[in-house]
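Just so it is clear: chains get the letters A, B, ... in the order the sequence lines come, proteins before strands, and each one is counted from 1.
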Amino acid sequence: MARYIPAEIERKWQDEWEADATFRACHDPARPKYYVLEMFPYPSGRIHMGHVRNYTMGDVVARFKSSCGFSVLHPMGWDAFGMPAENAAMERGGHPKDWTYGNIADMRAQMKPLGLSIDWSREFATCDPEYYGQQQAMFIDFLEAGLVYRKNAVVNWDPVDMTVLANEQVIEGKGWRSGAPVERRELTQWFFKISDFAEELLDALDGLENWPEKVKLMQRNWIGKSRGLQMAFGLADGPEGFDRIEVYTTRPDTLMGASFLGISPDHPLAKALEDGNPEVAAFCAECRRMGTSEEELETAEKKGFDTGLRVRHPFDPEWELPVYIANFILMDYGTGAIFGCPAHDQRDLDFARKYGLDVIDTFVALENGQPVGAEAFVPPKTEKVRWTKPFAWDEVASGEEAIDAAIRHCEAQGIGEGVTKFRLRDWGLSRQRYWGCPIPVVHCDACGVVPEKKENLPIELPYDEGGKPIDFSIPGNPLDRHPTWRDCACPSCGKPAKRETDTMDTFVDSSWYYARFTAPHAATPTDRAEAEYWMNVDQYIGGIEHAILHLLYSRFFARAMQITGHLPSKAIEPFDALFTQGMVTHEIYESKGLRKSRAKDGSEVEIAFDQYYLPEDVVIAEFGGERSAVLRSEMVADGLDPSNPQHVKDYLDVLDRSQIKITPSAKMSKSKKNVVDPVSIIESFGADTARWFVLSDSPPERDVEWTSAGAEAAHRHLGRVWRIANGIAEEMGQGGGVAAYESEGEGAASTGGDDLTLRRALHKTIHDVTMGIESFGFNTSVAKLYAFTNVLAKSTASLPARREAAMVMAQLMAPMTPHLAEEIWDMLGGAGLIARAPWPKADPALLVEDTVTLPIQINGKRRSELRVPKDMSAEEVEKLVLADDAVAKALDGGAPKKLIVVPGRIVNVVV
RNA sequence: GCCCGAGUGGCGGAAUGGUAGACGCAGGGGAUUCAAAAUCCUCCGCCGCAAGGCGUGCGAGUUCGACUCUCGCCUCGGGCACCA
């Protein structure tokens, strides 16, 4: 008996698609286009289930839209610059370029068997000089358009390795390799002027109707538009040149509750005080011994240093406030100085309690308003409160009203100015690293900073150094110590000059790749006609972790590219629709143990360790509802067969079952070894099973848990579908083969009885599956296909009706399990490739039911039901309801208090 | 710490404010088989013999009716500007 053999089927159809160039994107003005893009991968060398899920979702959309008549662009590339390549070179030797391209080749080879409808002719990697050369050209255009500038910014500095560290390389305030406490250090760096676009980037979010609300909200908060008051506090006894401190506040209404002034350790005044005061210097140095991440600053213990300086309150010259240097105040937000109002800000309150400062209430709750105790009183700004110290508004007013009045009052008094500020900072793109796109400028003693000539692009990364491979074991940036690469002629005056040795943040690479895919080998960054046809990305799919930075930077880049003529204005928002998919998770197998190690004094010690095991290395068995895991290798060593459930049970009976702990699912990660290799899944079950599984069960936006039972079930189901189709094909063979059915045409299935029942179910399925795909409800589409398979398997309809049903079902499955779908289409005599067949349409006449089951609720609980014609009037329904046994019993002779009839839906009797 | 999500049977989940638990997994029972695998049929939220009662993280509220809307909590996850 023939059976479903994915390995044969999948290879065969992938070859057919290749020969047919089915997925080659065609610039066809006669057809509407559809651009599907998944966030491109970092070439780590191995694909993981998260990739499979991401690309399968995109593939479903791409294949579906193609069937619907669109000219589809579905490309793939590699986000290939970044730290891991350099880290690998440091740890294992070799060159980042070789490592990266090797990984790309490996990953492409792992990805191809998935049968994705990708136009591989457009593939590129961001580390291709062809790509980053165009990026350099754009950088020069941006520079000329005033979108790039240089300024000082702080970095994490490892004083031992003498190198800049990424935030993730700072662990508990120490460098990951050297273990030395990290310092903040200022460097001159390149910045994109994204803050100029803050307002525009914020406003344009409203137009992104097909983006998730949560992503838009995160971006809104990130951009952080605020209206506040900028004002100055007069400084009585400041050092030379400091007679006032500029403060920005979003709560000018709480000015009367001010009890201290705080300035950033990086504030010019703090720096001036450092010079003459070792204590100040020590405190500031301590503050600088922290990483640069906001998270670290915010979670660190709040500390302040009383400078001894006093400022005068603007409303009362007699009222003096102390000036503190505080470690939680950021220099790059606002003016780097704040006034603290402890009563209405928790952080300020904690600070005030710690340093014994006043807590002055400026307002209390309307109802039983109490003075502030351990918790700051911070009601929503829209809530009315009772003011104890209003200075320009009524005693009862909301925070919002008070803020507006306070700003007007201060402006009128000449105390300050109402200003709008954004939290969004300019995008620092300089990286002091090798494996990135070189910034194409030259530093000339005579001419200053000069952009490289475009004809000299790309400025390629040097592969060797003085004829020898670059040594990555030395910390720091190899470009910085590479004389022949670094030394060059000034593009302007021709005198000896030095190249910029900073490379670009990898976010730059990923901020325009979507545009490059429209013309991947053009001699300019984009090709106008191609961009005009293909942009925008109609559906972008990726992880929620990119909700802010990558997506915001891409939106900025689209604007900058439009200004510099590289994108049409319609592409100002490059992604029409966004979908953020969840992760793939797996449970964790972990055992605690002891390991021998060497202590500092050289003696041998035993330390506890966590050992993790790969899912493929353990066998799971269940005892009375409790699941236990055992190592495969241990069973084999004891002469037992891990595939025999009885052996596993027997083995576990004599074993301490707590040896391997099964801990709940988490994102698949190498360190926890809770990973399932897509390659081995494809080898044992086939790509269609992997694809079907990642689409089923969980809604796409949520995490999906990989379970071997789930994968087996998916595989079983596909085998069942194959068998049903094969059975129909065999029946057809007995009845004269495909030709006999072709000639009979569509009328072959009869229009009544079992055939009609099957067709009704089929058309309902067409409708539901289509809706599911269109709304990213792939899991419900899968469920509807399961249900229809059950119907078809049990159907006693005529052979032509069942053939039609199986073929349409194959079409509905084609976006998800394309190989199996082609195979079924072929065995049932479908014409051409299913990938090129038009999407089936549901016949509305077959979707309507003439009678419905109306549930009857009594007091909101379902108690009975009624079978009535779909369009029966409410009055008639009421009569039937009152005659119902359950209703009569509940009414007990009385009349209902209320009777709600929702026609065609439900009835509720209130008694 | 700040910002954003998510919580439904033993498990993954379904459900335009209208029958909570579709579909799948696991589990029980049966058929087929010398036997097993595979396959097919069937049962399956919890408590209860039953009648019935209870059930969508917890606590309130709106509504004839709430998984769905509002408010307050709890737990878990994502982001926090040099991981990509």
Side-chain angles (χ1 to χ4, degrees), chain A residues 3 39-42 44 79 81-84 155-156 164-170 194 212-215 217-222 224 291-300 302 328 332 346-347 423-433 505-507 509-510 543-550 552-553 580 582-583 585 622 625 627 664-667 696-699 701-705 707 709-710 712-714 716-717 719-720 723 777 779-780 782-787 789-790 793 853-857 859-865 896-900 902 905-910:
Chain A
R3 51 188 195 97
M39 291 180 184
F40 66 169
Y42 179 79
S44 62
D79 189 12
F81 276 135
M83 292 200 311
V155 292
N156 299 307
V164 177
L165 299 178
N167 282 339
E168 73 159 6
Q169 296 174 318
V170 180
I194 190 172
E213 269 318 308
K214 62 175 170 183
V215 172
L217 191 56
M218 282 194 251
Q219 293 215 353
R220 276 189 197 106
N221 289 335
W222 187 259
T292 57
S293 76
E294 184 174 322
E295 186 189 0
E296 204 181 328
L297 294 179
E298 290 281 338
T299 51
K302 309 291 180 289
F328 56 88
D332 6 327
Q346 191 58 45
R347 194 168 57 182
R423 203 183 78 99
L424 180 67
R425 309 200 293 257
D426 277 333
W427 170 12
L429 68 117
S430 288
R431 297 292 179 270
Q432 294 71 37
R433 274 183 253 290
D505 177 8
T506 55
F507 273 124
D509 312 331
S510 57
I544 185 70
E545 66 272 21
H546 295 291
I548 299 174
L549 293 179
H550 162 63
L552 193 61
Y553 290 159
T580 53
M583 301 177 301
T585 63
E622 208 166 315
R627 300 171 69 241
S665 275
K667 179 178 180 170
S696 59
D697 287 356
S698 286
E701 67 274 15
R702 245 192 268 173
D703 294 349
V704 66
E705 162 139 340
T707 60
E712 280 154 22
R716 241 183 352 249
H717 177 74
R720 185 173 182 224
R723 275 195 309 279
N779 56 324
T780 57
V782 167
K784 300 291 182 187
L785 284 163
Y786 266 108
T789 307
N790 290 336
T853 304
L854 224 48
I856 300 175
Q857 293 184 332
N859 290 337
K861 294 258 176 210
R862 183 185 175 282
R863 286 290 182 259
S864 183
E865 62 182 35
K897 265 194 205 152
K898 210 165 186 177
L899 186 57
I900 292 124
V902 186
R905 272 260 166 237
I906 203 165
V907 179
N908 193 8
V909 187
V910 186

Take Glu294(A) and Arg423(A) through the salt bridge (charged side-chain N to carboxylate O under 4.0 Å, His left out) test and state the conclusion after the steps. CA-CA 12 Å; Glu294(A) 184 174 322; Arg423(A) 203 183 78 99; 3.5 Å; yes
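- Taking the C1' atom of each, G45(B) and U39(B) are spaced 29 Å apart, rounded to whole Å.
- Taking atom CZ of Arg863(A) as the reference point, atom P of G65(B) lies 15 Å away to the nearest angstrom.
- Rounding to the nearest 0.5 Å places OG of Ser510(A) at 8.0 Å from NE2 of His546(A).
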Go through it in stages, so that I can follow the logic: the residues are Val910(A) and Asn859(A), the test is side-chain contact (heavy atoms from CB on, under 4.5 Å), and I'd like the CA-CA distance, side-chain angles, deciding distance and then a yes or no. CA-CA 5 Å; Val910(A) 186; Asn859(A) 290 337; 3.7 Å; yes
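- Place Arg347(A) and Val909(A) on RNA chain B by their nearest nucleotides, and Arg347(A) ends up nearer the 5' end.
- Whole-Å rounding puts the Glu545(A) CD to C80(B) C1' distance at 14 Å.
- Contact annotation: Asn167(A) side-chain N/O to A81(B) OP1/OP2 distance is under 4.0 Å.
- Nucleic acid contact class of Phe328(A) (heavy atoms, under 4.0 Å, all strands): none.
- Annotation: the span from Asn156(A) atom CG to Leu165(A) atom CG amounts to 6.0 Å, rounded to 0.5 Å.
- Counting non-hydrogen atoms under 4.0 angstrom, Ser510(A) reaches nothing in the nucleic acid.
- The backbone N or O of Ala300(A) sits less than 3.5 Å from a side-chain atom of Lys302(A), completing a donor-acceptor pair.
- When the P atom is compared between U16(B) and A6(B), the two are found 16 Å apart, to the nearest whole Å.
- For the pair Ala713(A) and Phe81(A), both in contact range of RNA chain B, the more 5′-proximal nearest nucleotide belongs to Ala713(A).
- Summarising the geometry, atom CE belonging to Met39(A) is positioned 11.0 Å from atom CG belonging to Asp79(A); distances are rounded to the nearest 0.5 Å.
- Gly710(A) comes within 4.0 angstrom of no nucleic acid atom, judged by non-hydrogen atoms across all strands.
- Using a 4.0 Å heavy-atom distance criterion, Gln432(A) is classed as a base contact.
- With C83(B), C80(B), G78(B) as the candidates, the nucleotide lying closest to the side chain of Glu294(A) is C80(B).
- Using a 4.0 Å heavy-atom cutoff across all strands shown, Arg220(A) reaches no nucleic acid atom at all.
- For the pair Met218(A) CE and C3(B) C1', the computed distance is 8 Å after rounding to whole Å.
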Given the rule in the side-chain contact (heavy atoms from CB on, under 4.5 Å) test, do Leu429(A) and Phe507(A) qualify, once you have shown the distances and angles that lead to the verdict? CA-CA 8 Å; Leu429(A) 68 117; Phe507(A) 273 124; over 6 Å; no
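- The P atoms of A20(B) and C67(B) are separated by 9 Å, rounded to the nearest whole Å.
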Between the protein and nucleotides 36-44 of chain B, list every N/O to N/O distance that falls short of 3.5 Å.
{"unit_1": "C40(B)", "atom_1": "OP1", "unit_2": "Arg720(A)", "atom_2": "NE", "d": "3.0"}

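- Residue Thr580(A) holds its OG1 atom at 12.5 Å from CZ of Arg702(A), rounded to the nearest 0.5 Å.
- For the C1' atom pair drawn from G57(B) and G48(B), the interatomic distance equals 26 Å after rounding to whole Å.
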If you apply the rule side-chain contact (heavy atoms from CB on, under 4.5 Å), what do you find for Arg863(A) with Val909(A), and how did you get there? CA-CA 10 Å; Arg863(A) 286 290 182 259; Val909(A) 187; over 6 Å; no
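- The CG atom of Leu549(A) lies 9.0 Å from the CD atom of Gln219(A); values are rounded to the nearest 0.5 Å.
- Comparing the P positions of G10(B) and G79(B) gives an interatomic distance of 32 Å, to the nearest angstrom.
- Nucleotides C74(B) and C64(B), compared at atom P, are 32 Å apart to the nearest Å.
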Only Watson-Crick and G-U wobble pairs with both distances less than 3.5 Å should count. Give RNA chain B in dot-bracket notation, marking inter-strand partners with |. (((((((..(((.....[....))).(((((.......))))).(((....)))..(((((..]....))))))))))))....
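- Residue contacts shown for His546(A) include a base, since a base heavy atom lies under 4.0 Å away.
- At the heavy-atom level, Trp427(A) lies nowhere under 4.0 Å from the strands shown.
- At the heavy-atom level, Ala547(A) lies nowhere under 4.0 Å from the strands shown.
- A gap of 16 Å separates the P atoms of C23(B) and C40(B), to the nearest Å.
- Arg425(A) and Ile194(A) make their closest contact through O-CG2, 3.3 Å (heavy atoms, listed as atom of the first residue, atom of the second, distance).
- The C1' atoms of U56(B) and G13(B) are separated by 12 Å, rounded to the nearest whole Å.
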Nucleic acid footprint by protein, nucleotides 5-23 of chain B - heavy-atom cut-off 4.0 Å, B for base, S for sugar-phosphate alone: S-S----BSSSB-BBS-BS
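- Using a 4.0 Å heavy-atom distance criterion, Leu552(A) is classed as making no nucleic acid contact.
- At a threshold of 4.0 angstrom between heavy atoms, the contacts of Val170(A) with the nucleic acid are absent.
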